[in-house]
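Model, not experiment: these values are computed from the prediction. Ligands are counted one by one from 1 in listed order, and the atoms in each one are counted from 1 as well.
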Amino acid sequence: MPTNFKLKPQDFGENFVWGVSNAAYQTEGAYNVNGKGLSIWDDFTSQKGKIHNNEHANVAVDFFNKYKEDILLMKSMNIPNFRFSLSWSRIIPDGNGEVNQQGIDFYNRVINFCLECNITPWVTLYHWDLPLALEKQGGWTNRAILGWFEKYTTLCANTFGDRVKHWMVLNEPMVFTGAGYFLGVHAPGKKGLKNFLPAIHHATLCQALGGRILKKTVKNGIIGTTFSCSQITPYKNTRKHNLAAKKADTLLNRLFIEPLLGMDYPTESLPVLKRLKAYIKPGDDKLSEFEFDFIGIQNYTREVVKHSYFVPYIQAKIIKASKRQVETTLMDWEVYPPSIYNMIKQFNQYKNIKKLIITENGAAFTDVVKNENIEDTKRLNYFKSHLEQVHKAQQDGLNIDGYFAWTFTDNFEWAEGYKARFGLVHVNFSNQKRTIKSSGKWFKSFLENL
Ligand code: NOJ
């Protein structure tokens, strides 16, 4: 999709935030050193057959040791904001007991080095790597997670809040509950409604709880949380396909934001959610609400959905992009830039969202290194065409205040392992060498006169 891209960062306004995102488990490695406890991802990846090629992130891209090199590279690429996550089990190895000072020291080093380099740290508290010890007690299905999460959040806010002002509570709750507690394709590999429903409700409560704690504890804090979202298009404009699309939209795009905004769970549009009642206690509706300073949305593609009698609970089925003769990424996700525009628009329809930021957007393609260069034209076009849509949204008067590219360096892409490279910077996984791709060089020149 060739674009004749002419935009400059200034066209997005001077307060627009630019940055890159990554996550602890996908980059840090050092999975069992300096007192770190195991997480559900350390455990899941150690089981045969769960991950492409049985890969794991025990070393990942060695961010634990290479953080200075990576942050310096980021600085050299004019990137002003860096979103990363904290590993709960590096900080509290069993999730709820002793604090591991060496884990705290590591994040202090990362945070301080960002600040030294004039890069603002944006910290996500929970990007999917629950301490394994907590999973053994039920993890997200156990309501006790409210107490565990409160302790972890309070500690992080007290320890890092003097320097970190930008926080996000959860990363994509729909994905970690759906893939991890319903489909079983992500850690901890649990399946079925009996796991999914309590996980949904406890994540909803922790999302708001985390927001309240951070707001109260971090002086001048700017507190947010993030959601995955994809435009849902019905396969055909008929009643049953439209209904299927509405149900998919409810599950994928509305489930976690609506109770947060005081609207309750969207049970009207997806009746199976009525079964959440079994886990809801009196007063939980109020406890699910919180007014965040910003909402992060993460968009990669759109989904085309058709009616299917055979899919339980939802009677809706996603039609794979590879079956639709469209341009796709290596994840088999359709390249469909208007999706980001339409999701910005959809989230703008909610009242009470103070600020909306794209906290992730990016694409995986096969990158070939040729004479020390990586000409990742498809990724470059992906970024440009999505930024055009973000700009168009702004021009149309929609609230949109920032853009973080996913991701800085190539890293461990969950069930897909290392084959799906999303980075602006290429990593040779055998020697950890970093090489800036064409897309990274372009991002650098784009951000030059910020
Ligand atoms: C969303 C997740 O937050 C991130 O961890 C993942 O790597 C990207 N999407 C790409 O799939």
Side-chain angles (χ1 to χ4, degrees), residues 19-29 39-42 44-45 51-52 55-57 60-61 63 82-88 122-130 167-180 183 185-187 203 207 224-231 252-253 256-257 295-303 318 320-321 328-336 339-340 343 357-367 376 378-379 382-383 386 403-425 427 429 439:
V20 289
S21 290
N22 80 9
Y25 185 70
Q26 296 178 272
T27 56
E28 286 177 4
S39 79
I40 53 174
W41 274 94
D42 295 315
F44 192 67
T45 54
I51 309 292
H52 174 72
E55 286 161 350
H56 53 71
V61 295
F63 182 76
F82 175 29
R83 170 178 177 243
F84 58 94
S85 75
L86 306 176
S87 154
W88 187 342
W122 291 57
V123 170
T124 310
L125 274 178
Y126 185 76
H127 200 128
W128 305 356
D129 45 354
L130 188 75
W167 291 86
M168 283 140 290
V169 179
L170 299 183
N171 182 71
E172 299 191 347
M174 181 53 214
V175 178
F176 80 74
T177 58
L183 300 173
V185 296
H186 276 189
Q207 166 177 276
T225 196
T226 76
F227 300 102
S228 49
C229 60
S230 302
Q231 177 186 332
L252 299 179
N253 297 325
F256 285 92
I257 179 102
I295 292 297
I297 57 172
Q298 319 199 143
N299 173 268
Y300 290 85
T301 188
R302 74 155 164 179
E303 304 292 359
I318 287 176
K320 287 189 178 159
T328 58
T329 70
L330 203 116
M331 303 290 283
D332 193 16
W333 294 346
E334 180 183 3
V335 177
Y336 189 74
S339 178
I340 202 166
M343 292 323 295
I357 292 180
I358 305 291
T359 38
E360 287 185 23
N361 171 243
F365 293 108
T366 315
D367 296 316
D376 58 335
K378 287 186 177 171
R379 183 176 295 100
Y382 180 99
F383 280 128
H386 283 73
Y403 179 92
F404 286 70
W406 183 271
T407 179
F408 185 57
T409 59
D410 291 334
N411 58 44
F412 178 80
E413 178 56 27
W414 310 111
E416 279 72 24
Y418 294 101
K419 80 164 187 237
R421 293 175 177 272
F422 277 89
L424 293 163
V425 175
V427 176
F429 297 118
S439 58

Next on the checklist: Could you tell me, atom by atom, which parts of ligand 1 come under 4.0 Å of a heavy atom of N171?
Outcome noted: 2 (C), 3 (O)
Checklist entry - Against heavy atoms of F422, which atoms of ligand 1 measure under 4.0 Å? => result 10 (C), 11 (O)
Checklist entry - Does one side chain, of S439 or D376, offer a donor that lies under 3.5 Å from an acceptor on the other? => result yes
Item to check | Ring-face cation of R83 near F404 (centre distance under 6.0 Å, axis angle within 45°) | outcome: no
Checklist entry - If hydrogens are left out, which of M331, E413, H127 has an atom nearest to atom 6 (C) of ligand 1, that is, the closest non-hydrogen atom? => result E413
Checklist entry - Would E416 count as a contact of ligand 1 if the rule is a heavy atom under 4.0 Å away? => result no
Item to check | Donor-acceptor pair, side chain of N22 and main chain of F84, under 3.5 angstrom | outcome: no
Checklist entry - After noting the C-alpha distance and the side-chain angles of W41 and H186, does the key distance pass the ring-ring contact (aromatic ring centres under 6.0 Å, His included) rule? => result CA-CA 8 Å; W41 274 94; H186 276 189; 5.2 Å; yes
Checklist entry - With a 4.0 Å cut-off on heavy atoms, is F176 touching ligand 1? => result no
Checklist outcome for this item: Near Q298 (heavy-atom distance under 4.0 Å), the atoms of ligand 1 are 3 (O)
Checklist entry - Has ligand 1 got any nitrogen or oxygen that is less than 3.5 angstrom from a nitrogen or oxygen of W128? => result no
Next on the checklist: Heavy atoms only, cut-off 4.0 Å: how does F412 contact ligand 1, side chain, backbone, both, or neither?
Outcome noted: neither
Item to check | Contact (N/O only, under 3.5 Å) between W333 and ligand 1 | outcome: no
Next on the checklist: Taking Y418's backbone N and O only, do any of them form a donor-acceptor pair with E55's side chain (distance below 3.5 Å, no angle check)?
Outcome noted: yes
Checklist entry - Between OG1 of T407 and CG of L424, what distance do you get to the nearest 0.5 Å? => result 7.5 Å
Item to check | Heavy-atom nearest neighbour in the protein, as seen from atom 2 (C) of ligand 1, with distance rounded to 0.1 Å | outcome: E360 OE1, 3.3 Å
Checklist entry - What protein heavy atom sits nearest atom 8 (C) of ligand 1, and how far away is it? => result Y300 OH, 3.3 Å
Next on the checklist: Can you confirm whether the side chains of Q298 and T359 place a donor and an acceptor under 3.5 Å from each other?
Outcome noted: yes
Next on the checklist: Check whether W122 reaches the backbone of M168 with its side chain - one donor and one acceptor, N or O, closer than 3.5 Å.
Outcome noted: no
